[in-house]
Amino acid sequence: MPSKGNHVSLNRCEVRPARLEDAPAIAAALNDRSIWRNVRDRVPNPYTLSDAMQFLEFACSQDPPCHFAVVVDGQAAGMVGLEPQRDVYCRSAELGFWLGRQHWRRGIASEAVAAVVCHGFTAHPHLHRIYAHCFAWNQGSQALLRKLGFVQDGRLRQAAFKDGQLVDELAFSLLRPEWEAWAGAGVAPGSTGITTGGRA
């Protein structure tokens with residue numbers, strides 16, 4: 001992952017490592033039940049400033065960083081995480097993302113996620129697979145992943161218990177050769193990425 005000074009400016013947003021000063025904006029955006037229904041229960045609801053601070057203290061302690069703020073109009077509006085795995089999964093990384101509801105359907109999330117995916121593959125030559133899971137009712141995330149070239153690997157039946165009910169979970173992944181095919185052609189959002197020491 002990039003050093004803490006790295007960031008990238010895109011058409012609709014900026015992506016950079018999370019900062020402690022993002023806490024008020026993150027707390028305001030993530031205190032939303034419509035977002036909570038699509039993330040794991042380690043994200044509480046309601047979501048408070050204290051919760052945001054606790055998360056950001058952890059995120060900012062990671063070196064290299066794994067959690068990136070999606071900045072819109074100077075304010076953190078969401079997060080993208082790319083967490084390297086261990087043991088026999090050491091050549092995979094798990095992707096997670098959310099964006100404040102007021103910014104939905106503007107192409108911001110797909111642009112930000114594409115930049116982090118591109119960074120993951122370019123900064124880590126050993127990385128072969130980036131994967132993501134989403135609940136069956138989360139049509140927006142499924143569409144975003146497919147747009148970025150992710151392939152649905154399967155459907156895990158009633159694998160999660162969320163919001164008081166069992167729900168299927170869909171598994172998606174993108175392999176390095178698949179990413180290289182469209183990034184090299186320059187025809188997909190993932191052809192841009194986080195760069196070192198400046199703006200792209």
- [ ] With rounding to the nearest 0.5 Å, note down the distance linking CG in Asp153 to CG in Leu175.
- [x] 7.5 Å

Open item on the list: To check you understand the geometry: which heavy-atom pair defines the closest contact between His103 and Val72, and what is its length?
Closed with: CE1-CG1, 3.8 Å

TODO: Compare every heavy atom of His126 with every heavy atom of Arg91, then report the nearest pair and how far apart it is.
DONE: NE-O, 2.8 Å

Open item on the list: Consider side-chain contact (heavy atoms from CB on, under 4.5 Å). Of Leu10, Val116, Leu99, which one does Val70 pass it with?
Closed with: Leu99

Open item on the list: Is any side-chain heavy atom of Asp51 closer than 4.5 Å to one of Leu30?
Closed with: no

Open item on the list: With a 6.0 Å cut-off (strictly less than), is the heavy-atom count around CD of Gln85, excluding the residue itself, greater than 12?
Closed with: yes

- [ ] Could you give me the CA-CA distance, side-chain angles and deciding distance for Phe97 and Met79, then say whether side-chain contact (heavy atoms from CB on, under 4.5 Å) is met?
- [x] CA-CA 6 Å; Phe97 53 90; Met79 297 290 299; over 6 Å; no

Task: Smallest separation among heavy atoms of Ala136 and Arg155, with atom names - done: CB-NH2, 3.4 Å

Task: Donor-acceptor side-chain pairing of Asp163 and Trp36 below 3.5 angstrom - done: no

Task: Closest non-hydrogen atom pair, His7 against Glu14 - done: CD2-OE2, 3.5 Å

Open item on the list: Using side-chain heavy atoms (C-beta onward) and a distance below 4.5 Å, is Ile35 in contact with Asn45?
Closed with: no

TODO: Find out whether Glu94 and Tyr131 are in side-chain contact, i.e. whether some heavy atom of one side chain is under 4.5 Å from a heavy atom of the other.
DONE: yes

Task: Hydrophobic cluster identity match, Val8 and Val71, side-chain contacts under 4.5 Å - done: no

Task: Heavy-atom check, side chain of Ser141 versus side chain of Phe135, under 4.5 Å - done: no

Task: Sub-4.5 Å side-chain heavy-atom contact between Arg40 and Lys162 - done: no

Open item on the list: Using every non-hydrogen atom in the two residues, find where Arg129 and Ser173 come nearest and quote the distance to one decimal.
Closed with: NE-CB, 3.5 Å

Open item on the list: Can you confirm whether Ile130 sits close enough to Trp179 that some side-chain heavy atom of one is under 4.5 Å from a side-chain heavy atom of the other?
Closed with: no

Open item on the list: Quick one, Ile26 and Tyr47 - any side-chain contact, counting heavy atoms below 4.5 Å?
Closed with: yes

TODO: Give the ring-plane orientation class for Phe58 versus Phe55, where under 30° counts as parallel, over 60° as perpendicular and anything between as tilted.
DONE: tilted

Task: Closest heavy-atom pair and its distance - Leu127, Ser92 - done: CD1-C, 3.6 Å

Open item on the list: Side chains of Arg19 and Leu56, heavy atoms from C-beta outward: is any pair under 4.5 Å?
Closed with: no

